[in-house]
2 protein chains.
Amino acid sequence: MRIFGIDPGSNRTGYGCIEYSGSQQRLVTCGAIAAPRRASLPEKLRVIHGELASLLATCQPTCVAVESLFHARNVQSVLKLAHVRGVVVLAATQADLPVVEYAPTEIKRAVVGYGRAEKHQVQQMIKLLLGLDEMPTPHDAADALAVALCHAHNLTPTGSVVDDSAARLSQPRSWRRVKPEKLATRRQS
Amino acid sequence: MRIFGIDPGSNRTGYGCIEYSGSQQRLVTCGAIAAPRRASLPEKLRVIHGELASLLATCQPTCVAVESLFHARNVQSVLKLAHVRGVVVLAATQADLPVVEYAPTEIKRAVVGYGRAEKHQVQQMIKLLLGLDEMPTPHDAADALAVALCHAHNLTPTGSVVDDSAARLSQPRSWRRVKPEKLATRRQS
């Protein structure tokens, strides 16, 4: 099973694809799509969509996992990010791939074991978990791999999602975070 | 000059195309893209993007005018709307069209003369301004035509934008509203 993780951003959109079978996981590819800094938002959206579509066609993943939106202080930044996220989700759904989303704290908890982990801790854990020679850079790529690994950790050995997060985007409550405690309970049951 | 107005919405995205030459304006087409109500957000985004792309190819407009985001009480709705808006802007830029945006109050002021006008007042004025036999329905279509007309009113006879709103999406301050008073001053100068 191939999971394609995405960490959307208007300047840099991180991506990372992993192959997952039972307890084993290996890196397929990772990187970041850098939209021209001085470009207009429409232009950035076009670059991100185009590059993502071509990456998805090359990697042929089974599903796409995206970092969900968090409430930042700067409303304008969040709105801009939501525009990018719309385009990211569109690219995935145009490739007929299911989209799942995870909150930043869930992702960090799944990878580092602590919801408020620092960026370099995430990079360090990604290196360990995927048996890499060095830490993945830029950190957007590591964050994208973290989303993919978070989804892998939520899968049962048969490949179905334990916490039904796959259905989250299809529900009106899709934008609410599922508390990690809740996930743990579901995994035990 | 053909202006294609869009009023983005996750359930219904209104569109309206007008032809504008100097002081004259006529309706080309209008309507609303209704995404299946029970569909997931990714599916809705796919439907909206696909239909818009085909409409833009048919109408062959010169530019696209989109209603900008307003700060609603429900943050989740605004975020959802921003996802749709991202896809709408992408469709326009993929068709190599410039995108301009106007705040709801600016649009109403340009069409009705009052920034807090009701939906039926907008519909009534659109009917008058475009010399239609009946009011355009649904109201999303009327709102989209209002964005297009608002942009037409901001154009000089030579077809350039008076209030440089065409550049708004390319600037970091693109998401701020330009006060109608400011527009008026610029138009006089």
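Throughout, a chain's letter reflects where its sequence line sits, starting with A, and its residues are numbered from 1.
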(request) Calculate, to the nearest 0.5 Å, the distance between atoms CZ and NZ belonging to Arg85(A) and Lys80(B) respectively. (result) 12.0 Å

(message) With heavy-atom distances below 4.5 Å as the criterion, would you say the side chains of Leu79(B) and Val78(A) are in contact?
(response) yes

(message) Using 0.5 Å steps for rounding, measure from the NE2 atom of His83(A) to the NE2 atom of His83(B).
(response) 10.0 Å

(request) For residues Arg46(A) and Thr93(B), report the shortest heavy-atom separation together with the two atoms involved. (result) NH1-O, 3.0 Å

(request) Spell out, yes or no, whether Leu129(A) and Tyr114(A) are grouped together once hydrophobic residues are joined by side-chain heavy atoms under 4.5 Å, including indirect joins. (result) no

(message) Quick check for you: to the nearest 0.5 Å, what is the distance between Leu69(A) atom CG and Gln76(B) atom CD?
(response) 9.0 Å

(request) Report whether Val47(A) and Leu90(A) are members of the same hydrophobic cluster (ILVMFWY, side-chain heavy atoms less than 4.5 Å apart, transitive linking). (result) yes

(message) Less than 4.5 Å apart, side chain to side chain, heavy atoms only: is that true for Leu41(A) and Val89(B)?
(response) no

(message) Check for me, please, whether Leu130(B) and Met135(B) land in the same ILVMFWY cluster - side-chain distances under 4.5 Å, paths through other members count.
(response) no

(message) For residues Leu132(A) and Met125(A): do they belong to one hydrophobic cluster (side chain heavy atoms under 4.5 Å, members Ile, Leu, Val, Met, Phe, Trp, Tyr)?
(response) yes

(message) Counting C-beta onward and ignoring hydrogens, is there a side-chain heavy-atom pair between Leu45(B) and Val87(A) closer than 4.5 Å?
(response) no

(request) Could you have a look at Ala92(A), Gly50(A), Gly86(A) and say which one has the most heavy-atom pairs with chain B under 4.5 angstrom? (result) Gly86(A)

